[in-house]
Participant: 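Sharing a structure, written as structure tokens. Questions coming.
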Number of protein chains: 2
Amino acid sequence: MSSAKPESKKAQVRAENTRRIISAAEKVFAEKGFSGGTTQEIADAAGLPKANVHYYFPTKEGLYARVLDDILEEWKSDAEIFDTSDDPEVVFRAYIRRKIEHSFTRPYASKVWAMEIIGRGHVFEDQLKASFLKWNRKKVSQLRKWIEQGRLAPVDPQHVMYAIWATTQHYADFEHQIRAVNNGKPLSRAQTEKAIESVIQLFLQGVMPRQESAPIRSWPE
Amino acid sequence: MSSAKPESKKAQVRAENTRRIISAAEKVFAEKGFSGGTTQEIADAAGLPKANVHYYFPTKEGLYARVLDDILEEWKSDAEIFDTSDDPEVVFRAYIRRKIEHSFTRPYASKVWAMEIIGRGHVFEDQLKASFLKWNRKKVSQLRKWIEQGRLAPVDPQHVMYAIWATTQHYADFEHQIRAVNNGKPLSRAQTEKAIESVIQLFLQGVMPRQESAPIRSWPE
DNA sequence: GTCTATAACCGGATAGAC
DNA sequence: GTCTATCCGGTTATAGAC
């Protein structure tokens with residue numbers, strides 16, 4: 001009576017439980033790996049009995065695949081700027097920033113993806129590869145077009161993409177190492193901003209100094 | 001009689017078995033993670049019965065720690081150029097090249113390290129951190145010195161190190177993803193060379209085009 | 001030092017009451 | 001849909017003969 005459709009209440013509970021299980025699984029798989037993370041631990045993190053996890057996701061493998069599927073969608077949404085701007089500098093700045101921001105706001109996603117690829121990558125191979133390759137091809141041809149127009153240096157566009165993914169996801173995947181360097185503390189907001197600026201500068205300018213007042217090369221071989 | 005010291009023969013067998021077990025463990029842990037990789041699988045890969053693996057390494061955890069210890073030594077030896085050259089361009093070229101070469105010749109090492117750091121990183125925290133931090137500090141101060149001398153652009157040296165590690169180790173850690181992009185085939189020697197050149201160019205010059213004939217800045221803020 | 005057999009334990013999955 | 005109790009396969013580690 002309180003609801004027009006009796007089913008919609010149940011559907012809502014179902015959606016909520018599903019979401020919580022996936023979120024808990026992302027965290028557990030990120031910290032323990034697929035084999036190391038137990039369904040019991042996922043259930044505890046989701047606040048449900050273990051049997052309920054199996055009710056929503058009959059197998060651990062299936063739950064894991066679902067988690068990865070969601071992560072690929074995040075990877076894609078991070079690149080939306082490719083569709084809304086045609087300026088390479090604007091796209092690089094925005095894409096790198098968004099990727100690194102996500103490395104701090106949703107680090108588990110990046111970690112699970114990394115572990116999947118590092119290991120044998122069965123789910124990637126069987127269920128995600130085709131979608132990923134199609135998406136990657138589109139982004140790479142955008143870079144290639146800019147290179148042909150002389151708006152990007154003549155660098156291999158695929159390797160540039162690899163470098164963006166590597167440098168930005170590093171802040172999520174190697175969080176423990178970075179925290180150790182930072183005296184055991186996670187990076188502050190200001191330090192996060194510094195990381196973003198450093199990576200952007202690397203891509204836009206490299207690390208060699210610019211000779212502002214010297215039109216001829218002043219560094220001998 | 002064929003050997004002066006009777007013990008040395010046994011010591012030799014011991015050294016050989018130890019080496020084979022560590023090498024097998026590196027491979028198995030890289031492909032399956034710490035929890036997913038079984039001692040049985042490691043024993044099979046080493047060509048020994050499982051009980052013998054336990055004879056040399058009483059616990060799986062201890063074997064894993066030993067594998068990681070060896071990998072940190074490799075990371076350090078990759079940076080030897082920092083001690084033999086004082087030219088930033090030479091050092092960057094050599095360090096990046098050597099790191100990427102190792103990503104192709106010994107990919108399992110990089111994968112095990114990555115998984116350890118991505119997960120909770122207990123062994124890193126307990127046994128490797130101090131040695132790693134000391135080594136890192138030394139390399140970073142070398143970069144900082146060059147920046148003060150104006151021989152490197154004023155970029156944060158620690159983030160430059162992160163970027164080098166990320167981009168070079170990516171070719172080992174994300175090998176499956178890269179192979180998928182490359183039509184399922186591992187990179188050829190020529191493609192490997194292309195990867196090395198691309199990453200070196202990224203660090204030395206960035207991706208923005210150079211205006212060779214324009215001595216004054218032509219890019220407005 | 002090597003190997004077979006086994007102990008002790010744990011985790012994914014399910015049965016079946018509610 | 002939810003939850004308790006349980007099964008079953010697999011894993012680390014060890015005992016003990018050779």
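In what follows, chains are A, B, ... by sequence order, proteins preceding strands, each numbered from 1. Hydrogens, waters and symmetry mates are skipped; everything else that's a heavy atom, side chains included, is used.
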Participant: Nearest whole angstrom, please: distance from the P of dG11(C) to the CD of Glu41(A).
Facilitator: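 That distance rounds to 9 Å.
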
Participant: Please list, chain by chain and in numerical order, all residues satisfying salt bridge (charged side-chain N to carboxylate O under 4.0 Å, His left out) with Lys129(A), sequence neighbours excluded.
Facilitator: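 So Lys129(A) forms a salt bridge (charged side-chain N to carboxylate O under 4.0 Å, His left out) with Glu125(A).
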
Participant: Got a list of protein N/O to nucleotides 13-16 of chain D N/O distances below 3.5 Å?
Facilitator:
{"residue": "dA13(D)", "atom": "OP2", "partner": "His54(B)", "partner atom": "NE2", "Å": "3.3"}
{"residue": "dA13(D)", "atom": "OP2", "partner": "Lys60(B)", "partner atom": "N", "Å": "3.0"}
{"residue": "dA13(D)", "atom": "N6", "partner": "Lys50(B)", "partner atom": "NZ", "Å": "3.0"}

Participant: Sort me out a list of protein N/O and nucleotides 7-10 of chain D N/O pairs below 3.5 Å, or just none if empty.
Facilitator:
none

Participant: For the side chain of Val13(A), counting heavy atoms from C-beta on, which of dC3(C), dT2(C), dT2(D) is nearest?
Facilitator: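 Of all the options, the side chain of Val13(A) is nearest to dT2(D).
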
Participant: Taking only the side-chain nitrogens and oxygens of Tyr55(A), find out if one of them lies under 4.0 Å from OP1 or OP2 of dT2(D).
Facilitator: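 Looking at the OP1 and OP2 atoms of dT2(D), neither is under 4.0 Å from any side-chain N or O of Tyr55(A).
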
Participant: Compare side-chain N and O positions of Tyr56(B) against OP1 and OP2 of dT2(C) and report whether any pair is under 4.0 Å apart.
Facilitator: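 For Tyr56(B), the contact criterion (side-chain N or O under 4.0 Å from OP1 or OP2 of dT2(C)) is met.
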
Participant: Using the test side chain to side chain donor-acceptor pair (under 3.5 Å), find all partners of Lys27(A) that sit at least two apart in sequence or belong to another chain.
Facilitator: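 Result, side chain to side chain donor-acceptor pair (under 3.5 Å) vs Lys27(A): Tyr108(A).
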
Participant: Does Tyr55(A) have any ring-ring contact (aromatic ring centres under 6.0 Å, His included) partners at least two apart in sequence or in another chain, and if so, which?
Facilitator: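 Once residues adjacent in sequence are excluded, Tyr55(A) has no partner under the ring-ring contact (aromatic ring centres under 6.0 Å, His included) criterion.
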
Participant: Over how many whole Å does the gap from Asp44(B) atom CG to dC3(C) atom P extend?
Facilitator: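 Atom CG in Asp44(B) sits about 13 Å away from atom P in dC3(C).
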
Participant: In this structure, how many angstroms lie between the C1' atom of dG1(C) and the CZ atom of Arg14(B), rounded?
Facilitator: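 Rounding to the nearest Å, CZ of Arg14(B) and C1' of dG1(C) are 9 Å apart.
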
Participant: Can you spot which of Ile200(A), Asp87(A), Val199(A), Ile164(A) makes a side chain to side chain contact (heavy atoms under 4.5 Å, CB included) with Phe92(A)?
Facilitator: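 Checked Ile200(A), Asp87(A), Val199(A), Ile164(A) against Phe92(A); only one passes side chain to side chain contact (heavy atoms under 4.5 Å, CB included): Ile164(A).
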
Participant: Looking at DNA chain C, which of residues 26-37 of chain B put a heavy atom within less than 4.0 Å of it?
Facilitator: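 Nucleic-acid contacts, sorted: none.
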
Participant: Can you list the residues that meet the side chain to side chain donor-acceptor pair (under 3.5 Å) rule with Gln201(A), with sequence neighbours excluded?
Facilitator: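 Gln201(A) satisfies side chain to side chain donor-acceptor pair (under 3.5 Å) with no other residue.
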
Participant: Kindly state each residue pair satisfying side-chain hydrogen bond (donor to acceptor under 3.5 Å, both in side chains) with at least one member in residues 177-187 of chain B, sequence neighbours excluded.
Facilitator: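 Sorted result for residues 177-187 of chain B: Trp113(A)-Gln177(B), Glu175(B)-Arg179(B), Asn182(B)-Gln191(B).
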
Participant: Is a side-chain donor or acceptor of Ser110(B) paired with a backbone partner of Pro107(B) at a separation under 3.5 angstrom?
Facilitator: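 Not a single qualifying donor-acceptor pair exists.
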
Participant: Got a sec, which residues hit side chain to side chain donor-acceptor pair (under 3.5 Å) with Tyr162(B), two or more places apart in sequence or on another chain?
Facilitator: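 Tyr162(B): no side chain to side chain donor-acceptor pair (under 3.5 Å) contacts found.
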
Participant: Gln40(A) has an atom CD; how far is it from atom C1' of dG11(C), in whole Å?
Facilitator: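 Those two atoms, CD and C1', are 9 Å apart.
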
Participant: How close or far is atom P of dC3(D) from atom CD1 of Ile21(A), stated in whole angstroms?
Facilitator: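 Rounded to whole Å, this separation is 11 Å.
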
Participant: Got a sec, which residues hit salt bridge (charged side-chain N to carboxylate O under 4.0 Å, His left out) with Lys50(A), two or more places apart in sequence or on another chain?
Facilitator: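 Lys50(A) satisfies salt bridge (charged side-chain N to carboxylate O under 4.0 Å, His left out) with no other residue.
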
Participant: Just how far, in rounded Å, is C1' of dC3(C) from CG of Asn52(B)?
Facilitator: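 Spelled out: CG on Asn52(B) to C1' on dC3(C) is 7 Å.
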
Participant: Restricting to ring-ring contact (aromatic ring centres under 6.0 Å, His included), what partner residues turn up for Phe174(B), sequence neighbours left out?
Facilitator: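 Here the qualifying residues are His170(B).
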
Participant: Scan the side chains in residues 62-70 of chain A for donor-acceptor partners under 3.5 Å anywhere in the protein, sequence neighbours excluded, and list what turns up.
Facilitator:
{"residue": "Tyr64(A)", "atom": "OH", "partner": "Glu116(A)", "partner atom": "OE1", "Å": "2.6"}
{"residue": "Arg66(A)", "atom": "NE", "partner": "Asp70(A)", "partner atom": "OD1", "Å": "3.4"}

Participant: Between atom CG in Leu48(A) and atom C1' in dT4(D), what is the gap in whole Å?
Facilitator: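 In whole Å, dT4(D) C1' and Leu48(A) CG are 15 Å from each other.
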
